[in-house]
Each structure stands twice: as structure tokens, then as C-alpha cells.
Amino acid sequence: MTSNSYNGILFFIFSIWRGPNINCTDSSGYTALHHAALNGHKDVVIKLLQYEASTNVADNKGYFPIHLAAWKGDVEIVKILIHHGPSHSRVNEQNNENETALHCAAQYGHSEVVAILLEELTDPTIRNNKLETPLDLAALYGRLRVVKMIINAYPNLMSCNTRKHTPLHLAARNGHKAVVQELLEAGMDVSCQTEKGSALHEAALFGKVDVVRILLKTGVDANIKDNLGRTVLDILKEHPSQQSLQIAALLQDYIEKGNSDVPEESIEEYLVSDHQSSVLSPEDSPIQTSKSEAVTGELSKLLDEIKLCQEKDYLEDMSHTISDDYLDDASKVSEEETVANGNGAKSNIVSEKEYSLNQGC
């Protein structure tokens, strides 16, 4: 038994011993029910509810017991909190970040809890303080099964109704190929624009070559511009790196072929092939050029810049240039994305959220 579990049970016993107020709280605002829900003590949860413990008491950060149970993925305790006791849990209760239990379960890929909450009519359109819906969080962290469940139940969530982001943008940014493919097949508009441009802009900026390939295969306009009038090639020139060169060459070849084909060969083979393409300058028009044309001055300049900078230093500079908020714990990797990649390797997660055990979800 862990120290947290032991302390939770002691807190329950102490609550009963000291008097009738079973909903008294500790310094974090936790009731005995919070502790039991967090640590998976089903029998203790049931006993507390028999003694009229309230499911609708929030801790200091606004988390209710159901938030904690959803965060842990405990299906049985979530069900108990919803259906039993004198005060049934209200599934749409929000914490101080305006997140529901569905946000907590979706972010961590707890599909069984998500299914229960959807059955109980939890509102999946609620946005947290960062305007993220549960679907946004599932897409951001590559939770493929949860993404499928939510869009099947509420396809309207894929509409482009915010300038902040869409599920497709978030999945593209983090390189979640299976999620990107699922959203596209479900009808997500690949040309949808946010304040950072299209999903193609996001994937290219963060070096997600495979996602760029998927988006190009949908027939997306490779010359699509963001709200500042910049194409993807324009942005890549502002952030030179090995990945930028690879994606720029891929995009240029796609443009030369009249948006009719996406090369299937590996990137390494592609870069040393005889049909390398130029990176267009901002004033150039996207005209089709000969495949046998030599590497232009713009691409040569980009190559020289890449040779002068080390990849590690560039990534550090880029992270500060874009936003410190984008960097998050790279250890959160979905089982679905790992299976889809087929290699078991961890993916690089670029996030706008951090969660800790003390925060609940």
C-alpha cells in the first residue's frame, strides 16, 4: 500500500472519528472521498457514500472526486460517483481551468471512462481556459480511440469555429499520423485556417514530414497562405533545419508536378535524387519548373545555413521563437499512436499543457 493510499484511509477514519462532518477537507481541499477516488479504493468510496459523503465538493483547484477518478481511468469509481450516494456527481462540473471529467479522461486516453461519460450526457463542447475541448486534447496527445469515439458521437466538433486551433492542427503539430488520417477521413476541412495558418503550416513548422505527406495526398493547396500571407515554403525559409529542407524539397516537387503526386521514396533517397527542387522566395510565383533544373540559389543558401547550425541549437532557438508554451513532457505517448507507428518508439509531444499528480488531471 502506498503512502498516499494509507494517508487517504487514515483521513477517512479520522473524519468519522472526529464527528458528523464527513466532508471536512485537508490543506489541499481534499475530502476523504477525493483521496479514495484518487487512489482507487472502491470499497472506501462506497462506504463514504453510505455515510453521506458529497460528490460535489471541490478541492482548492476546483477538482471534484469524479475528475480524479477520470484522470486515473477508474471506470468503476466513475460509475459509482455518478449513480450512488445522496448527492449524485454532476458530470459537467468544471475545475478552475474549466475542465470537466471528460477532459481528464480524454487527455490520457481512458476510452472506457470516456464512453461512460458520453453515455451520461457529458457535454463534449465545453472548452477549458485554453479553448480546448476534450476532442482537442485527445488529438493533441494522439489518443486515437478516444478521437474516434468523440467524433462518431459529435461530428460537429470538427467544424472550424475557433481561430485558436482545431483537432487537426493539434494532431498535425505533434505528428500523430493515425489521428490526422482519422480526422481527414471523417471530413475535417484540411484548408481550415487558424491564427497559425493551416494544418500544413503546423506540420511543416514542427518538422512532421509524414504528416505533410498525408496532407498533400488529400490534395491540399501547397501554396496555401496564413493570415500574414506566408506560404509554407516562406515559413520554412525563416526556420532552416534539416527537416525544413526535407519538407521544402517535398513541397516543391509536389508543386512542380501540378499537385498530382506525392513522392513515395524515402526522404534520404529523395534528397540525393536528380530532381531536387528550389525553395521559392516570397516574391516568386508558384510556377511549374523543369525536373532537371539545377538547385537554385535559394536552396543552396538554405543548405549553407543548415551546415552552419547544429540541430540541437536550432531546436532550442526555435522553441523560444515560437512559444515556451508549446514544449511539454515528451513521455506522454498514446498506445494507439505507438501501434500505428509500429516501432514502439516515443513520439515528440509538443503541448500547451502540463499536469501533475497534485493537480489531479
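Positions are given from 1 along the sequence.
For the 3.5 Å distance criterion, the side chains of Ser159 and Asn156 fail to qualify, holding no donor opposite an acceptor. Neither side chain, Asp26 nor His34, offers a donor N or O lying under 3.5 Å from an acceptor on the other. Of the N and O atoms on the side chains of Ser191 and Asp189, at least one donor lies less than 3.5 Å from an acceptor on the other residue. Side-chain contact annotation: Asn128 with His103, donor-acceptor N/O pair under 3.5 Å absent. Counted by atom type alone, Asn98 and Asn129 present one or more donor-acceptor pairs between their side chains at under 3.5 Å. Remark: the His83 side chain and the Glu120 side chain contain an N/O donor-acceptor pair separated by less than 3.5 Å.
When hydrophobic clusters are built by joining Ile, Leu, Val, Met, Phe, Trp and Tyr residues whose side-chain heavy atoms come closer than 4.5 Å, directly or via intermediates, Val209 is grouped together with Leu184. In the hydrophobic cluster analysis, where Ile, Leu, Val, Met, Phe, Trp and Tyr join through side-chain heavy atoms closer than 4.5 angstrom, Ile126 is grouped apart from Val113. When the side chains of ILVMFWY residues are joined at heavy-atom separations under 4.5 Å, either directly or via intervening members, Ile46 and Leu81 end up in a single hydrophobic cluster. The hydrophobic cluster containing Leu33 also contains Val75, counting ILVMFWY residues as joined when their side-chain heavy atoms lie under 4.5 angstrom apart, directly or transitively. Both Tyr154 and Leu144 are part of a single hydrophobic cluster, where members link through side-chain heavy atoms under 4.5 Å apart.
Side chain of Asp74 to main chain of Ala69: no donor-acceptor pair is present (N/O by atom type, distance under 3.5 Å, no hydrogens or angles). With hydrogens and angles disregarded, no donor-acceptor distance shorter than 3.5 Å links the side chain of Asp59 to the backbone of Thr31.
Remark: Leu102 CG to Gln94 CD distance equals 11.5 Å, nearest 0.5 Å. If you take NE2 on His201 and CG on Asp234, they are separated by 8.0 Å, rounding to the nearest 0.5 Å. Separation of atoms CD1 (Ile214) and CG (Leu200) is listed at 12.0 Å; rounding is to 0.5 Å. Met149 CE to Glu112 CD: the interatomic distance, rounded to the nearest 0.5 Å, is 9.0 Å. In this structure, Leu251 CG and Thr231 OG1 are separated by 8.5 Å, a value rounded to the nearest 0.5 Å.
Surrounding CD of Glu52 are at most 12 heavy atoms belonging to other residues, nucleotides or ligands under 6.0 Å away. The environment of CD in Glu238 is crowded: more than 12 heavy-atom neighbours from other residues, nucleotides or ligands sit within 6.0 Å. Few gaps surround CD on Gln50; more than 12 heavy atoms of other groups in view lie less than 6.0 Å from it.
Ring-plane geometry between Tyr108 and His110 is classed as parallel, the angle between the planes falling under 30 degrees on a 0 to 90 degree scale with a further cut at 60.
Of all heavy-atom pairs spanning Arg143 and Ala106, the tightest one is CG-O, 3.4 Å. The minimum heavy-atom distance between Ser111 and Arg145, with the atom names listed, is OG-CD, 3.3 Å.
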